[in-house]
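See below for the structure under consideration.
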Amino acid sequence: MKPSIMVHGGAWKIPDETHADHIGGTYVAAKAGWAILAGGGSAMDAVETAVSIMEDDSTFDAGIGSVLNRTGGIEMDAMIMDGQMLALGAVGAVRGIMNPVKLARLILQDTDHSLLVGEGARRFAESKGMRLCAEAELTVPREIERFRLLQQEKDYHLSDGFTPDPMDTVGAVAVDVAGNVAAATSTGGAHYKLPGRVGDSPLVGSGAYADNHTGAASATGHGESIMKVVLAKTATDALGRGLSVQEAADYAVNHMFERVGGYGGIILVDCDGQTAFAYNTPHMAVAWADENGSILARIKE
Ligand code: GLY
């Protein structure tokens with residue numbers, strides 16, 4: 001099986017002055033994931049590595065650079081899913097760790113559970129030797145400034161942030177040489193969200209899904225819309241009905257808009273390693289390995 005990878009760095013109105021950072025950040029992530037696959041490594045390792053690199057890049061709303069909630073704190077969501085046995089690990093509203101996707105992988109591997117949230121998730125991270133960090137290590141000046149502006153907007157509603165300004169949730173999908181598919185998604189969520197708000201990213205079938213029988217998907221955009229239409233599973237189910245990978249990605253995003261008026265995007269890989277993406281926002285940041293293993297990174301308009 002020829003391996004394949006695609007990553008995303010969010011779908012929204014990406015400001016012109018940050019296009020280079022988005023292209024660079026997704027490029028580096030896709031390249032690292034591709035190196036693992038090309039060396040015979042697993043799709044799970046590839047998507048975890050790609051997403052953790054984007055968590056470490058303050059360009060994106062995940063890990064360092066996460067958006068601030070209504071009390072100025074950072075609560076992060078992430079999921080990783082293995083298409084072989086439909087195994088998944090996810091974390092919701094976790095504070096004070098650098099790499100939520102790595103914690104999600106540990107939940108998958110080392111517990112009987114699929115989703116840990118809040119303080120319990122943080123305590124589990126500590127028990128596994130993950131470094132706990134101060135919120136200041138995750139907080140960037142861009143988000144402090146945004147938080148201060150939003151504090152002054154008395155009538156701000158969460159969905160305002162997604163029409164057309166969702167943030168930079170990150171994700172990756174891959175197929176490895178053994179034919180196993182995997183998906184991972186990570187986010188700081190929606191800016192100015194209520195404390196305790198969990199978005200689509202750690203919800204199986206919404207923010208990500210992976211099944212060796214169909215394919216793997218990672219979503220980005222307005223979480224409250226994505227979860228209503230179970231966007232990632234909608235896309236992989238469409239593959240199962242015989243749609244091409246591009247048709248399935250388009251179908252899922254169009255369905256979300258027609259059914260609930262939601263904005264966002266999705267990346268998708270089928271079992272043959274064909275990749276596609278779709279979005280209904282002004283921009284989407286994506287990178288992938290082409291058939292020669294060259295990495296292409298774009299801000300699509
Ligand atoms: N899609 C990211 C979120 O809504 O939290």
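Residues: numbered from 1 along the sequence shown. We count ligands from 1, going down the list as the structure has it; atoms in each ligand are counted the same way. Every value quoted in this text rests on a predicted model; they were computed, and no experiment measured them.
In the vicinity of G223, heavy-atom distances shorter than 4.0 Å reach the ligand 1 atoms 4 (O). With ligand atoms numbered from 1 in the order given, ligand 1 contributes 1 (N), 2 (C), 3 (C), 4 (O), 5 (O) to contacts under 4.0 Å with heavy atoms of D200. The contact set between ligand 1 and G221, taken as ligand atoms under 4.0 Å from a residue heavy atom, comprises 1 (N), 2 (C), 3 (C), 4 (O). Those atoms of ligand 1 that come under 4.0 Å of a heavy atom in T169, given as number and element, are 1 (N), 2 (C).
Using modelled atom types and a 3.5 Å distance limit, the side chains of H22 and D168 yield a donor-acceptor pair.
Within a 6.0 Å sphere centred on NE2 of H19, heavy atoms belonging to other residues, nucleotides or ligands number more than 12. Crowding of E17 atom CD: a count of heavy atoms from other residues, nucleotides or ligands under 6.0 Å exceeding 12.
Compare M76, E75, R197 by their heavy atoms: the one nearest to atom 4 (O) of ligand 1 is in R197.
For the pair R241 and Y251, the cation sits on the ring face: its NZ or CZ lies under 6.0 Å from the ring centre, inside 45° of the axis.
A donor-acceptor distance shorter than 3.5 angstrom exists from the side chain of K193 to the backbone of G188, with no hydrogens or angles considered.
For a threshold of 3.5 Å applied to N or O pairs, the pair formed by G189 and ligand 1 contains no separation below that value.
The pair R123-E126 does not meet the salt-bridge criterion, since no charged nitrogen lies less than 4.0 angstrom from a carboxylate oxygen.
Within the 4.0 Å heavy-atom shell around ligand 1 one does not find K193.
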